[in-house]
Number of protein chains: 2
Amino acid sequence: MTIELSARVTCTDCPIRHRAVCAYCTGDELDVLEQLKSYKTFKAGEPILWRADKLTYVGSLVHGVATLSKTLEDGRTQMVGLLLPSDFIGRPGRSEIEFDVVAVTDVTLCCFQIKPFEALIASTPHVAQRLVEMALDELDVAREWMLLLGRKTAREKIATFVQMLVQRQHIAGTDLPGQALSLPLTQEQIANYLGLTLETVSRQLGIMKKNGILRFSDRRHFEVIDFPALQLATGDDSDGGVLV
Amino acid sequence: MTIELSARVTCTDCPIRHRAVCAYCTGDELDVLEQLKSYKTFKAGEPILWRADKLTYVGSLVHGVATLSKTLEDGRTQMVGLLLPSDFIGRPGRSEIEFDVVAVTDVTLCCFQIKPFEALIASTPHVAQRLVEMALDELDVAREWMLLLGRKTAREKIATFVQMLVQRQHIAGTDLPGQALSLPLTQEQIANYLGLTLETVSRQLGIMKKNGILRFSDRRHFEVIDFPALQLATGDDSDGGVLV
DNA sequence: GGTCATGTTTGATCTAAATCAAGGAAAAAT
DNA sequence: ATTTTTCCTTGATTTAGATCAAACATGACC
């Protein structure tokens, strides 16, 4: 069930202001968005959008974590995206999506009705421009993941996944060994992201713990002890990727 | 080596006019494009863009087939896209790409220098709008492929691949059994697209021939004899997908 | 604080697809 | 026409990861 948040935050104070779809907007343009937006929240585990739903709104993830996934008839599922704050949900120009969006943690969304939003794109080049950029960035990430799914070993997949978490959470200037990072997914969800089974994920993470690459303080928090070894285990060349 | 084509085709007569990035352009807008465009051709096997290249132009594929692929240090490669006529190559707003683009057959590209093209996007909402649409369509295809790479069996992968070829080549109103379809890729290239080895591709295609699902007239041309069986073998639910 | 549900670990076994290894068949080149 | 190269097929063997099967943590909730 979704709840309309009463506590509105102004766009100027928004935590995702500089990375979201509104990144290039001027003060005037933000004023327009301000009038159109509304917040929705979802509890951990709740569906945000269902494959069969008609799309009536689009929005930016403000806090929390959500997943995009696709499922075959017999139940096999594959995650096709991990949504973190500032990521955009929705499909302007089309009323259907072909995957399910589910809240993993509690989630807050900054929403727009799809019709006014589409009008906004047409009239606000800054939004259209940012949207192209974000779509192309997502495309890069999807393609990087295709390489992972098609060609990497279980060990490389896990290492790449952990590296991506590091890159998206690491606070520059802070020592990496010692910095607590959060693991928002269960091992089953990780398996669905990496095209593996949960047993394989457990075993590979176990090996990385034993090898002194990772240390877990509890199920959902860990730190990277040996970053070079992690990097090496990804199978990528050392200049990093686009999963940031 | 690239060659500038002397035989210019006017945009209005262009075979990909209605599906390419210029799809929504008015006559006036086409006149502008007409001045900016130039054709480049590539021989089968030639690289069109290399991962390390600075991007100096973008363009639409007019005829031929090209592949996008990514390669790991040790040589494992994964195709991340198959470019057919009307597909767009390039990355407005960024000067680098993270994959290689190679001509599979002889290829003709309708090219624009990247700088004027970016200016065009800013000034021509119709181009920006179509570009968002095309990027999001590609994203859908990439995600469909993630499901294939992560969760489908070899047989399902081959069936899905063939089904995609059918959907992109089938002429509506023509009988499917009997219609000659072209297979532009070698089995090794198919393997790289599907995250398999060439031996597995050969064996699975062999089985589909023996089962009377496919018939090959030569290495590069086939027809689908039993479409329902093909559909069934994809593992998808029957309502089709986005790979069109 | 004990019960329960949800995640995680670990072991034994199986299997789909990879790998290794030749041949053969079609195109391309000379 | 004949050589060469590129593709394709087929068989034998191996293996990474799936599957099957229990226990074991951990935190959530009365």
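The chains referred to below are lettered A, B, ... by the order of the sequence lines, with proteins before strands, and numbering in each begins at 1.
Remark: C1' of dT19(D) and CG of Leu196(A) are 14 Å apart, rounded to the nearest angstrom.
Across the C1' atoms, dG24(C) and dT5(D) are found 14 Å apart, a figure rounded to whole Å.
Contact annotation for Arg76(B): no contact, since no heavy-atom pair falls under 4.0 Å across all strands. Heavy atoms of Arg155(B) sit nowhere under 4.0 angstrom from any nucleic acid atom. When heavy atoms are screened at a 4.0 angstrom cut-off, Ser202(A) is found touching base atoms of the nucleic acid. Residue contacts shown for Gly45(B) are absent, as no nucleic acid heavy atom lies under 4.0 Å away.
Residue Lys209(A) has a polar side-chain atom (N or O) positioned under 4.0 Å from OP1 or OP2 of dT9(C).
No donor-acceptor contact under 3.5 Å links the side chain of Gln189(B) to the base of dC7(D). No hydrogens or angles were tested; on distance alone, a donor-acceptor pair under 3.5 Å links the side chain of Arg219(A) to the base of dA25(D).
The listed nucleotides are dT8(C), dT10(D), dC7(D); the one nearest the side chain of Leu198(A) is dT8(C). Checking dA18(C), dT8(C), dG17(D) against every side-chain atom of Arg220(A), the shortest atom distance belongs to dT8(C). The side chain of Thr186(A) has dT8(C) as its nearest neighbour among dC8(D), dT8(C), dT19(C).
Using a 30° and 60° split on the angle between ring planes, Tyr193(A) and Phe161(A) fall in the perpendicular class, above 60°.
Side-chain contact between Phe222(A) and Ser217(A) is absent, with no heavy atoms from C-beta onward closer than 4.5 Å.
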